[in-house]
**Student:** 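Quick one: the structure is below, questions incoming.
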There are 2 protein chains.
Amino acid sequence: MADITKQKIVEQLKEAGVSPSEQRIAVFSFLHHNHIHPTADTIYQSLSPDYPTLSKTTVYNTLKLFVAKRLIQVVAIEDGELRFDVNTDFHAHFKCRECLEVIDLFDIPEPQCPTETQLIAESTQLNFYGICDQCKGKLEEQS
Amino acid sequence: MADITKQKIVEQLKEAGVSPSEQRIAVFSFLHHNHIHPTADTIYQSLSPDYPTLSKTTVYNTLKLFVAKRLIQVVAIEDGELRFDVNTDFHAHFKCRECLEVIDLFDIPEPQCPTETQLIAESTQLNFYGICDQCKGKLEEQS
DNA sequence: ATGTTTATTGTAATGATAACAAATCTTTAA
DNA sequence: TTAAAGATTTGTTATCATTACAATAAACAT
(Lines give C-alpha, C1' and ligand atoms only; values in the text may rest on other atoms or scores of the structure.)
Protein backbone atom coordinates (compact mmCIF):
# COMPACT_ATOMS: atom_id res chain seq x y z
CA MET A 1 0.00 0.00 0.00
CA ALA A 2 2.79 2.41 0.91
CA ASP A 3 4.38 2.07 -2.50
CA ILE A 4 2.53 1.53 -5.70
CA THR A 5 4.06 1.63 -9.14
CA LYS A 6 2.90 3.96 -11.87
CA GLN A 7 1.93 0.85 -13.83
CA LYS A 8 -0.46 -0.23 -11.10
CA ILE A 9 -1.95 3.25 -10.98
CA VAL A 10 -2.61 3.20 -14.71
CA GLU A 11 -4.09 -0.28 -14.47
CA GLN A 12 -6.47 0.73 -11.68
CA LEU A 13 -7.65 3.78 -13.60
CA LYS A 14 -8.26 1.75 -16.75
CA GLU A 15 -10.12 -0.94 -14.81
CA ALA A 16 -12.45 1.74 -13.48
CA GLY A 17 -13.03 3.06 -16.97
CA VAL A 18 -10.99 6.21 -16.52
CA SER A 19 -8.52 7.04 -19.27
CA PRO A 20 -5.17 7.62 -17.62
CA SER A 21 -4.13 11.15 -18.48
CA GLU A 22 -1.01 12.68 -16.95
CA GLN A 23 -3.09 14.78 -14.57
CA ARG A 24 -5.26 11.93 -13.43
CA ILE A 25 -2.24 9.74 -12.84
CA ALA A 26 -0.66 12.54 -10.85
CA VAL A 27 -3.70 13.05 -8.63
CA PHE A 28 -4.27 9.34 -8.06
CA SER A 29 -0.58 8.81 -7.35
CA PHE A 30 -0.55 11.63 -4.86
CA LEU A 31 -3.49 10.13 -2.99
CA HIS A 32 -1.82 6.71 -3.01
CA HIS A 33 1.45 7.99 -1.64
CA ASN A 34 0.05 10.50 0.85
CA HIS A 35 -2.54 9.06 3.17
CA ILE A 36 -3.27 12.40 4.74
CA HIS A 37 -6.87 12.83 3.55
CA PRO A 38 -5.92 15.91 1.54
CA THR A 39 -8.33 18.56 0.34
CA ALA A 40 -8.52 19.50 -3.33
CA ASP A 41 -6.43 22.54 -2.55
CA THR A 42 -3.72 20.55 -0.79
CA ILE A 43 -3.47 18.26 -3.80
CA TYR A 44 -3.31 21.22 -6.15
CA GLN A 45 -0.63 22.99 -4.09
CA SER A 46 1.43 19.81 -3.82
CA LEU A 47 1.34 18.95 -7.51
CA SER A 48 1.75 22.47 -8.86
CA PRO A 49 5.56 22.56 -8.69
CA ASP A 50 5.82 19.39 -10.79
CA TYR A 51 2.87 20.20 -13.04
CA PRO A 52 3.04 23.96 -13.56
CA THR A 53 0.17 24.02 -16.06
CA LEU A 54 -2.18 22.04 -13.80
CA SER A 55 -5.41 23.84 -13.12
CA LYS A 56 -7.46 23.72 -9.98
CA THR A 57 -10.56 22.96 -12.01
CA THR A 58 -8.86 19.81 -13.27
CA VAL A 59 -8.17 18.72 -9.72
CA TYR A 60 -11.83 19.21 -8.81
CA ASN A 61 -13.04 17.45 -11.97
CA THR A 62 -10.65 14.59 -11.44
CA LEU A 63 -11.61 14.06 -7.82
CA LYS A 64 -15.29 14.13 -8.70
CA LEU A 65 -14.69 11.57 -11.43
CA PHE A 66 -12.72 9.31 -9.10
CA VAL A 67 -15.51 9.45 -6.52
CA ALA A 68 -18.13 8.63 -9.16
CA LYS A 69 -16.05 5.66 -10.31
CA ARG A 70 -15.57 4.59 -6.70
CA LEU A 71 -11.81 4.85 -6.90
CA ILE A 72 -11.70 7.11 -3.87
CA GLN A 73 -13.91 8.14 -1.00
CA VAL A 74 -15.06 11.51 0.27
CA VAL A 75 -14.35 12.19 3.92
CA ALA A 76 -16.83 14.83 5.09
CA ILE A 77 -15.38 15.37 8.54
CA GLU A 78 -15.57 19.14 8.68
CA ASP A 79 -17.68 21.69 6.92
CA GLY A 80 -16.03 23.74 4.23
CA GLU A 81 -13.30 21.27 3.36
CA LEU A 82 -13.86 18.11 1.39
CA ARG A 83 -11.17 15.54 1.98
CA PHE A 84 -10.34 12.50 -0.08
CA ASP A 85 -9.19 9.01 0.77
CA VAL A 86 -7.90 6.25 -1.56
CA ASN A 87 -9.00 3.67 0.95
CA THR A 88 -12.63 3.03 0.05
CA ASP A 89 -13.13 0.36 2.69
CA PHE A 90 -14.95 1.46 5.82
CA HIS A 91 -12.80 2.92 8.53
CA ALA A 92 -13.33 5.63 11.11
CA HIS A 93 -11.56 8.97 11.32
CA PHE A 94 -10.36 11.13 14.16
CA LYS A 95 -9.78 14.84 13.75
CA CYS A 96 -7.60 16.63 16.27
CA ARG A 97 -8.87 20.12 17.06
CA GLU A 98 -5.33 21.36 17.62
CA CYS A 99 -3.15 20.03 14.80
CA LEU A 100 -6.20 19.56 12.54
CA GLU A 101 -4.86 16.25 11.30
CA VAL A 102 -7.20 13.45 10.35
CA ILE A 103 -6.13 10.04 11.66
CA ASP A 104 -7.36 6.66 10.39
CA LEU A 105 -8.91 4.20 12.82
CA PHE A 106 -9.05 0.77 11.28
CA ASP A 107 -10.11 -1.33 14.24
CA ILE A 108 -13.68 -0.14 14.67
CA PRO A 109 -16.36 -2.35 13.12
CA GLU A 110 -18.72 -0.67 10.68
CA PRO A 111 -21.93 0.33 12.45
CA GLN A 112 -25.03 -0.98 10.74
CA CYS A 113 -28.20 0.92 9.98
CA PRO A 114 -31.08 -0.90 11.75
CA THR A 115 -33.11 -2.90 9.25
CA GLU A 116 -36.44 -1.84 10.83
CA THR A 117 -35.84 1.68 9.61
CA GLN A 118 -36.43 0.89 5.94
CA LEU A 119 -33.40 2.97 5.14
CA ILE A 120 -30.82 1.60 2.76
CA ALA A 121 -27.35 2.82 3.69
CA GLU A 122 -24.90 2.98 0.82
CA SER A 123 -22.05 4.41 2.82
CA THR A 124 -21.16 5.16 6.39
CA GLN A 125 -18.97 7.79 7.98
CA LEU A 126 -17.82 7.57 11.56
CA ASN A 127 -15.95 10.62 12.79
CA PHE A 128 -14.41 11.36 16.15
CA TYR A 129 -13.44 14.85 17.19
CA GLY A 130 -11.07 15.61 19.99
CA ILE A 131 -7.42 16.03 20.78
CA CYS A 132 -4.50 13.77 20.00
CA ASP A 133 -1.90 12.71 22.53
CA GLN A 134 0.85 14.92 21.13
CA CYS A 135 -1.24 18.06 21.17
CA LYS A 136 -2.58 17.28 24.62
CA GLY A 137 1.00 17.05 25.86
CA LYS A 138 1.92 20.37 24.31
CA LEU A 139 -1.09 22.12 25.82
CA GLU A 140 -0.34 20.78 29.32
CA GLU A 141 3.25 21.98 29.05
CA GLN A 142 2.13 25.50 28.37
CA SER A 143 -0.17 25.83 31.36
CA MET B 1 -39.79 17.29 23.77
CA ALA B 2 -42.30 18.01 21.02
CA ASP B 3 -43.68 21.00 22.88
CA ILE B 4 -41.68 23.26 25.11
CA THR B 5 -42.92 26.48 26.63
CA LYS B 6 -41.27 29.82 26.10
CA GLN B 7 -40.58 29.86 29.83
CA LYS B 8 -38.58 26.64 29.59
CA ILE B 9 -36.65 28.05 26.67
CA VAL B 10 -35.73 31.17 28.62
CA GLU B 11 -34.74 29.05 31.61
CA GLN B 12 -32.48 26.85 29.54
CA LEU B 13 -30.76 29.83 27.97
CA LYS B 14 -30.18 31.47 31.35
CA GLU B 15 -28.86 28.24 32.82
CA ALA B 16 -26.30 28.09 30.04
CA GLY B 17 -25.29 31.69 30.71
CA VAL B 18 -26.90 33.10 27.61
CA SER B 19 -29.02 36.20 28.08
CA PRO B 20 -32.39 35.50 26.49
CA SER B 21 -32.89 38.12 23.81
CA GLU B 22 -35.86 37.99 21.46
CA GLN B 23 -33.70 36.70 18.64
CA ARG B 24 -32.01 34.02 20.69
CA ILE B 25 -35.34 32.83 22.03
CA ALA B 26 -36.68 32.69 18.49
CA VAL B 27 -33.77 30.62 17.17
CA PHE B 28 -33.74 28.25 20.12
CA SER B 29 -37.52 27.87 19.91
CA PHE B 30 -37.35 27.11 16.24
CA LEU B 31 -34.79 24.38 16.83
CA HIS B 32 -36.88 22.93 19.64
CA HIS B 33 -40.06 22.81 17.59
CA ASN B 34 -38.53 21.71 14.29
CA HIS B 35 -36.34 18.68 14.57
CA ILE B 36 -35.29 18.86 10.97
CA HIS B 37 -31.59 19.61 11.46
CA PRO B 38 -31.95 22.96 9.76
CA THR B 39 -29.13 24.99 8.28
CA ALA B 40 -28.54 28.60 9.34
CA ASP B 41 -30.26 29.70 6.16
CA THR B 42 -33.34 27.56 6.78
CA ILE B 43 -33.66 29.06 10.25
CA TYR B 44 -33.24 32.56 8.87
CA GLN B 45 -35.81 32.02 6.10
CA SER B 46 -38.28 30.49 8.54
CA LEU B 47 -38.03 33.24 11.13
CA SER B 48 -37.85 36.18 8.75
CA PRO B 49 -41.64 36.59 8.30
CA ASP B 50 -42.14 36.86 12.06
CA TYR B 51 -38.95 38.81 12.75
CA PRO B 52 -38.57 41.16 9.78
CA THR B 53 -35.55 42.94 11.22
CA LEU B 54 -33.67 39.71 11.97
CA SER B 55 -30.28 39.59 10.33
CA LYS B 56 -28.55 36.53 8.99
CA THR B 57 -25.42 37.48 10.90
CA THR B 58 -27.41 37.26 14.12
CA VAL B 59 -28.52 33.76 13.23
CA TYR B 60 -24.92 32.74 12.62
CA ASN B 61 -23.72 34.44 15.81
CA THR B 62 -26.50 32.89 17.83
CA LEU B 63 -25.88 29.39 16.53
CA LYS B 64 -22.16 29.71 17.19
CA LEU B 65 -22.90 30.86 20.72
CA PHE B 66 -25.32 27.99 21.34
CA VAL B 67 -22.74 25.49 20.14
CA ALA B 68 -20.08 27.00 22.38
CA LYS B 69 -22.46 26.81 25.35
CA ARG B 70 -23.32 23.22 24.40
CA LEU B 71 -27.00 24.04 24.00
CA ILE B 72 -27.03 22.56 20.53
CA GLN B 73 -24.90 20.29 18.36
CA VAL B 74 -23.42 20.71 14.90
CA VAL B 75 -24.31 17.99 12.43
CA ALA B 76 -21.58 17.94 9.79
CA ILE B 77 -23.19 15.43 7.47
CA GLU B 78 -22.51 17.10 4.15
CA ASP B 79 -19.94 19.61 3.05
CA GLY B 80 -21.10 23.14 2.49
CA GLU B 81 -24.07 23.04 4.82
CA LEU B 82 -23.80 23.12 8.55
CA ARG B 83 -26.86 21.72 10.26
CA PHE B 84 -27.93 22.13 13.86
CA ASP B 85 -29.60 19.83 16.35
CA VAL B 86 -31.06 20.64 19.79
CA ASN B 87 -30.51 17.06 20.82
CA THR B 88 -26.95 17.05 22.11
CA ASP B 89 -27.02 13.39 23.11
CA PHE B 90 -25.29 11.00 20.74
CA HIS B 91 -27.43 9.65 17.95
CA ALA B 92 -26.74 8.69 14.37
CA HIS B 93 -28.05 10.40 11.23
CA PHE B 94 -29.18 9.16 7.86
CA LYS B 95 -29.20 11.43 4.82
CA CYS B 96 -31.31 10.42 1.83
CA ARG B 97 -29.65 11.30 -1.45
CA GLU B 98 -33.03 11.90 -3.10
CA CYS B 99 -35.14 13.98 -0.69
CA LEU B 100 -32.01 15.26 1.10
CA GLU B 101 -33.70 14.89 4.46
CA VAL B 102 -31.69 13.99 7.54
CA ILE B 103 -33.29 11.36 9.71
CA ASP B 104 -32.46 10.61 13.35
CA LEU B 105 -31.43 7.11 14.37
CA PHE B 106 -31.62 6.73 18.12
CA ASP B 107 -31.07 3.01 18.51
CA ILE B 108 -27.44 2.76 17.57
CA PRO B 109 -24.96 2.67 20.45
CA GLU B 110 -22.21 5.28 20.41
CA PRO B 111 -19.04 3.79 18.91
CA GLN B 112 -16.01 4.20 21.13
CA CYS B 113 -12.58 5.36 20.11
CA PRO B 114 -10.14 2.56 21.01
CA THR B 115 -8.17 3.45 24.14
CA GLU B 116 -4.88 2.17 22.70
CA THR B 117 -4.89 5.04 20.22
CA GLN B 118 -4.15 7.73 22.82
CA LEU B 119 -6.80 9.84 21.18
CA ILE B 120 -9.34 11.56 23.37
CA ALA B 121 -12.67 11.84 21.60
CA GLU B 122 -14.84 14.73 22.72
CA SER B 123 -17.64 14.09 20.27
CA THR B 124 -18.69 11.50 17.74
CA GLN B 125 -20.63 11.72 14.50
CA LEU B 126 -22.07 8.68 12.81
CA ASN B 127 -23.61 9.35 9.43
CA PHE B 128 -25.28 7.02 6.98
CA TYR B 129 -25.85 7.99 3.37
CA GLY B 130 -28.31 6.26 1.11
CA ILE B 131 -31.91 6.27 0.07
CA CYS B 132 -35.04 6.23 2.18
CA ASP B 133 -37.94 3.89 1.63
CA GLN B 134 -40.27 6.53 0.20
CA CYS B 135 -37.78 7.77 -2.36
CA LYS B 136 -36.83 4.23 -3.30
CA GLY B 137 -40.47 3.53 -4.05
CA LYS B 138 -40.82 6.63 -6.18
CA LEU B 139 -37.72 5.79 -8.19
CA GLU B 140 -38.91 2.24 -8.87
CA GLU B 141 -42.29 3.53 -10.03
CA GLN B 142 -40.65 5.71 -12.64
CA SER B 143 -38.56 3.01 -14.28
C1' DA C 1 -29.38 60.42 33.51
C1' DT C 2 -25.08 58.91 31.61
C1' DG C 3 -21.49 56.11 30.53
C1' DT C 4 -20.34 51.18 29.58
C1' DT C 5 -21.03 46.78 28.09
C1' DT C 6 -23.61 43.64 25.16
C1' DA C 7 -26.39 42.43 21.17
C1' DT C 8 -27.92 43.26 16.60
C1' DT C 9 -27.59 44.78 12.06
C1' DG C 10 -25.97 45.56 7.15
C1' DT C 11 -22.33 45.50 4.18
C1' DA C 12 -18.26 43.87 2.49
C1' DA C 13 -14.66 40.16 2.38
C1' DT C 14 -13.27 35.41 2.12
C1' DG C 15 -12.77 30.91 0.48
C1' DA C 16 -14.35 26.56 -1.44
C1' DT C 17 -16.60 24.77 -5.25
C1' DA C 18 -19.11 24.79 -9.73
C1' DA C 19 -20.33 26.62 -14.42
C1' DC C 20 -18.84 27.76 -18.57
C1' DA C 21 -16.57 28.34 -22.84
C1' DA C 22 -12.26 28.32 -25.17
C1' DA C 23 -8.11 25.77 -26.14
C1' DT C 24 -5.61 21.54 -26.46
C1' DC C 25 -4.91 16.81 -26.81
C1' DT C 26 -6.51 11.99 -28.42
C1' DT C 27 -8.78 8.94 -31.02
C1' DT C 28 -11.14 7.44 -35.03
C1' DA C 29 -12.06 6.86 -39.64
C1' DA C 30 -11.60 8.19 -44.17
C1' DT D 1 -1.58 10.98 -43.19
C1' DT D 2 -5.01 13.93 -42.12
C1' DA D 3 -9.27 15.92 -40.80
C1' DA D 4 -13.20 15.63 -38.01
C1' DA D 5 -15.16 14.23 -33.58
C1' DG D 6 -14.75 13.51 -28.94
C1' DA D 7 -12.51 13.91 -24.55
C1' DT D 8 -9.71 16.54 -21.43
C1' DT D 9 -7.72 20.54 -19.60
C1' DT D 10 -7.53 25.25 -18.66
C1' DG D 11 -8.61 30.05 -17.00
C1' DT D 12 -12.11 33.00 -15.86
C1' DT D 13 -16.22 34.03 -13.81
C1' DA D 14 -20.17 33.00 -10.82
C1' DT D 15 -22.19 31.16 -6.71
C1' DC D 16 -22.98 30.24 -2.12
C1' DA D 17 -22.07 29.66 2.81
C1' DT D 18 -19.77 31.77 6.25
C1' DT D 19 -17.05 35.35 8.63
C1' DA D 20 -15.11 40.05 9.56
C1' DC D 21 -15.99 44.41 10.59
C1' DA D 22 -17.86 48.64 11.90
C1' DA D 23 -21.90 51.15 13.06
C1' DT D 24 -26.18 51.26 15.48
C1' DA D 25 -29.26 50.03 19.12
C1' DA D 26 -30.49 48.04 23.38
C1' DA D 27 -29.62 46.66 28.20
C1' DC D 28 -27.28 47.40 32.34
C1' DA D 29 -24.86 49.59 36.06
C1' DT D 30 -23.22 53.57 38.39
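Lettering follows sequence order; numbering is per chain, from 1.
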**Student:** Can you name the closest pair of heavy atoms from A/T124 and A/F90 and give their distance?
**Tutor:**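 So the minimum-distance heavy-atom pair works out to O-CD1, 3.7 Å.
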
**Student:** What is the distance from CG of B/L63 to P of C/dA7, rounded to the nearest Å?
**Tutor:**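 After rounding, the gap between these two atoms is 15 Å.
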
**Student:** Expected output is a numbered-order residue list: members of residues 14-27 of chain B with a heavy atom under 4.0 Å from any atom of DNA chain C. What is it?
**Tutor:**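 Within this stretch, B/S19, B/S21, B/Q23, B/R24 sit under 4.0 Å of the strand.
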
**Student:** Has the side chain of B/S48 got a donor or acceptor atom that lies under 3.5 Å from a matching backbone atom of B/Q45?
**Tutor:** no

**Student:** Is the side chain of A/D79 donor-acceptor paired with the backbone N or O of B/G80 at a distance under 3.5 Å, no angle test?
**Tutor:**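 Yes; at least one donor-acceptor contact below 3.5 Å.
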
**Student:** In whole Å, what is the span from the CD atom of A/E78 to the C1' atom of C/dA16?
**Tutor:**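 After rounding, the reported distance stands at 14 Å.
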
**Student:** Test of understanding: with salt bridge (Lys or Arg N to Asp or Glu O under 4.0 Å), list the residues that count as partners of A/K136, not counting sequence neighbours.
**Tutor:** A/E140

**Student:** Report the C-alpha distance between B/F94 and B/N127 in whole Å, list the side-chain angles of each, state the deciding distance to 0.1 Å, and finish with yes or no for side-chain contact (heavy atoms from CB on, under 4.5 Å).
**Tutor:** CA-CA 6 Å; B/F94 182 100; B/N127 300 322; over 6 Å; no

**Student:** Salt-bridge test for A/K95 and A/E81: reply yes if a basic N is under 4.0 Å from a carboxylate O, no otherwise.
**Tutor:**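 Counted as a salt bridge, because a side-chain N and a carboxylate O are separated by less than 4.0 Å.
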
**Student:** If the sugar-phosphate is the primed atoms plus P, OP1 and OP2 and the base is the rest, what is the B/S/- string for nucleotides 13-21 of chain D, using protein heavy atoms under 4.0 Å?
**Tutor:** ----SBBB-

**Student:** Starting from P on D/dA7, measure out to NZ on A/K69 and report it in whole angstrom.
**Tutor:**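 In whole Å, D/dA7 P lies 12 Å from A/K69 NZ.
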
**Student:** Measure the acute angle between the ring planes of B/H37 and B/H91, then classify it against the limits of 30° and 60° as parallel, tilted or perpendicular.
**Tutor:**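 Because their plane-to-plane angle lies in the 30° to 60° range, the rings of B/H37 and B/H91 count as tilted.
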
**Student:** Is the shortest side-chain N to carboxylate O distance from A/K138 to A/E98 below 4.0 Å?
**Tutor:**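 No, A/K138 and A/E98 are not salt-bridged.
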
